[in-house]
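What follows is a single structure, written as structure tokens, with notes after it.
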Amino acid sequence: MPSPAEKRKIRQAFSRAAASYDRVARVQRRICDALLARLEPGASGIALDAGCGTGYALPALAARGQQCIALDHAIGMLSAQHSAGMCADIEQLPLRDACVAQYFSSLAWQWIDAEAAIREAARVLRPGGHLAVATLAPDSLAELRQAMRQADGREHVRSFAAAEPYAAMLQAAGFSEIRIERQVFQDHADNLLSLLRDLKALGAHTLDGARSAGFLPRAALQRAAAFYEQYRVEAGLPLSYDVVFLSARRTS
Ligand SMILES: C[S@@+](CC[C@H](N)C(=O)[O-])C[C@H]1O[C@@H](n2cnc3c(N)ncnc32)[C@H](O)[C@@H]1O
């Protein structure tokens with residue numbers, strides 16, 4: 001569970017990245033599209049996009065005929081949008097009970113306490129309402145994690161929560177029809193430096209925690225870059241995103 005100080009750092013990193021996010025969010029778009037494709041047809045009522053970022057999913061949610069609430073805790077992300085948004089924490093939604101028909105969240109839950117997010121989703125969803133979430137599982141960024149370890153033998157890439165407990169957590173919070181799918185998506189970069197630059201432009205450089213790559217001596221970074229070369233394919237250096245798609249219905 002992120003501490004208040006970690007949350008502030010995450011929020012500030014995403015706010016600062018708002019202007020560059022759309023330029024580099026290639027794999028994030030594909031994951032968001034895959035989550036949108038998993039939504040059931042024939043929706044009505046309010047759709048909440050929790051951790052909406054620059055608002056990529058909002059037109060598709062609105063096109064389903066749903067009134068949308070765009071929510072993000074990074075004010076910079078909300079300012080990058082054309083529509084109004086709600087600046088708030090996914091773990092403490094400023095919404096009344098049972099007012100949402102569709103809870104949607106793409107790539108925000110890996111930054112938060114999933115149990116708190118599930119409790120809040122269950123609270124704001126109306127009976128029969130649907131939850132669709134894409135989040136990251138432990139094998140995400142595996143190549144980068146391995147390569148950065150070669151720099152100085154320490155961890156530089158944060159870990160991601162295991163996918164297995166989600167089913168029990170959702171069930172305990174009052175969800176049924178639970179479906180959990182896992183799919184790996186890959187992005188590619190020309191070299192390690194541009195890969196790290198892209199992560200920073202996404203706002204995800206807090207992945208590197210206190211021991212950010214920017215503070216590494218040149219020789220250490222070169223060791224990491226040399227190690228990463230073993231993964232190179234024709235498209236460049238791959239970076240894998242091990243995605244968990246959660247789908248569940250709020251029990252009536
Ligand atoms: C990787 S971006 C994804 C944005 C968007 N959903 C997309 O698919 O492009 C993650 C977003 O989650 C937001 N976020 C992270 N933790 C949050 C929290 N506790 N409450 C609200 N938003 C949060 C970040 O500010 C950021 O905009």
Side-chain angles (χ1 to χ4, degrees), residues 1-39 47-62 68-83 85-95 100 102-121 123-124 131-137 140-141 157-158 160-161 183 185 187 198-208 239-246:
M1 187 163 106
S3 67
E6 280 165 337
K7 268 196 175 177
R8 193 172 52 249
K9 269 171 70 181
I10 293 168
R11 196 168 59 239
Q12 287 168 345
F14 277 115
S15 262
R16 276 197 300 269
S20 51
Y21 183 85
D22 287 336
R23 177 173 53 79
V24 284
R26 298 172 292 270
V27 81
Q28 288 70 17
R29 294 293 173 250
R30 285 166 49 215
I31 294 165
C32 193
D33 286 341
L35 184 63
L36 284 165
R38 283 169 165 78
L39 297 183
L48 169 67
D49 186 355
C52 59
T54 55
Y56 176 75
L58 297 171
L61 291 171
C68 297
I69 299 176
L71 182 142
D72 203 286
H73 69 164
I75 190 75
M77 284 289 189
L78 291 174
S79 312
Q81 293 177 33
H82 298 296
S83 56
M86 197 176 258
C87 192
D89 191 332
I90 292 174
E91 294 176 22
Q92 287 174 300
L93 298 171
L95 296 170
V100 169
Q102 175 69 61
Y103 181 104
F104 181 92
S105 184
S106 188
L107 293 183
W109 276 26
Q110 67 273 14
W111 303 104
I112 61 180
D113 173 9
E115 214 157 357
I118 288 172
R119 258 196 320 271
E120 276 297 80
R123 184 183 67 75
V124 301
L131 171 136
V133 170
T135 186
L136 296 183
S140 295
L141 314 187
V157 177
R158 63 176 301 215
F160 297 102
Q183 191 181 338
F185 292 73
D187 200 10
D198 280 1
L199 281 179
K200 185 169 180 177
L202 286 167
H205 60 302
T206 47
L207 285 171
D208 297 329
L239 186 61
S240 298
Y241 290 75
D242 176 15
V243 180
V244 188
F245 291 101
L246 307 174

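Order of listing sets the numbers, starting from 1, for every ligand and every atom in it. Just the heavy atoms: all of them, side chains too, but no hydrogens, waters or symmetry mates, feed the values below.
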Quiz item: Which of the numbered atoms in ligand 1 are below 4.0 angstrom from a heavy atom of Ala74?
Solution: 25 (O)
Quiz prompt | Validation row: Leu39, Leu61 side chains within 4.5 angstrom (heavy atoms) | solution = yes
Quiz item: Looking at Glu6 and Lys9, does any basic side-chain N land under 4.0 Å from a carboxylate oxygen?
Solution: no
Exercise. Go through ligand 1 atom by atom and flag the ones less than 4.0 Å from a non-hydrogen atom of Met77.
Key: 27 (O)
Quiz item: Of the options Phe245, Tyr103, Phe104, which is the one that meets Val133 in a side chain to side chain contact (heavy atoms under 4.5 Å, CB included)?
Solution: Tyr103
Self-check item: Val124 versus Leu95, closest heavy-atom pair with distance
Solution: CG1-CB, 3.9 Å
Quiz item: Got an N/O contact under 3.5 Å between Leu71 and ligand 1?
Solution: no
Exercise. Just go through Ser106, Ala17, Gly203, Ser15 and tell me whose heavy atom is the nearest to atom 8 (O) of ligand 1.
Key: Ser106
Quiz item: For ligand 1, which atoms, with element, lie under 4.0 Å from some heavy atom of Leu107?
Solution: 1 (C), 2 (S), 3 (C), 10 (C)
Quiz item: Is a side-chain N or O of Asp187 found less than 3.5 angstrom from the main chain of Leu239, in a donor-acceptor match?
Solution: no
Quiz item: Any donor-acceptor pair under 3.5 Å linking the side chain of Arg38 with the backbone of Ala34?
Solution: yes
Self-check item: Atom indices of ligand 1 within 4.0 angstrom of Ala88 heavy atoms, with elements
Solution: 20 (N), 21 (C)
Quiz item: Do you see a donor-acceptor pair shorter than 3.5 Å between the side chains of Tyr56 and Asp22?
Solution: no
Self-check item: Taking atom 18 (C) of ligand 1 as the reference point, the nearest protein heavy atom with its distance
Solution: His73 ND1, 3.5 Å
Practice problem: Mark yes or no for whether Ser105, through its side chain, and Ala50, through its backbone, hold a donor-acceptor pair below 3.5 Å. | Solution: yes
Exercise. Please report which non-hydrogen protein atom sits nearest to atom 9 (O) of ligand 1, along with the residue it belongs to and the distance in Å to one decimal place.
Key: Tyr21 OH, 2.9 Å
Quiz item: Out of curiosity, is Glu91 lining ligand 1, as in a heavy atom under 4.0 Å away?
Solution: no
Exercise. Please list, chain by chain and in numerical order, all residues satisfying salt bridge (charged side-chain N to carboxylate O under 4.0 Å, His left out) with Arg119, sequence neighbours excluded.
Key: none
Quiz item: Under a heavy-atom criterion of less than 4.0 Å, does Cys52 contact ligand 1?
Solution: yes
Quiz prompt | Closest approach of any protein heavy atom to atom 27 (O) of ligand 1, naming residue and atom | solution = Asp72 OD2, 2.6 Å
Quiz item: Does some non-hydrogen atom of Arg29 fall short of 4.0 Å from ligand 1?
Solution: yes
Quiz item: Does ligand 1 have an atom that lies less than 4.0 angstrom from a heavy atom of Ala134?
Solution: no
Quiz prompt | Any donor-acceptor N/O pair, Gln110 side chain to Phe160 backbone, under 3.5 Å | solution = no
Quiz item: In terms of atom number and element, which parts of ligand 1 are under 4.0 angstrom from non-hydrogen atoms of Ala108?
Solution: 12 (O)
Exercise. List every atom of ligand 1 that sits less than 4.0 Å from any heavy atom of Asp89, numbering the atoms from 1 in the order shown and giving each element.
Key: 18 (C), 19 (N), 20 (N)
Self-check item: Residue part near ligand 1, for Ile112, under 4.0 Å between non-hydrogen atoms
Solution: side chain
Quiz item: CD of Gln92: more than 12 outside heavy atoms within 6.0 angstrom?
Solution: no
Exercise. Just need the protein heavy atom nearest to atom 20 (N) of ligand 1, so name the residue and atom and give the distance.
Key: Ile90 N, 3.0 Å
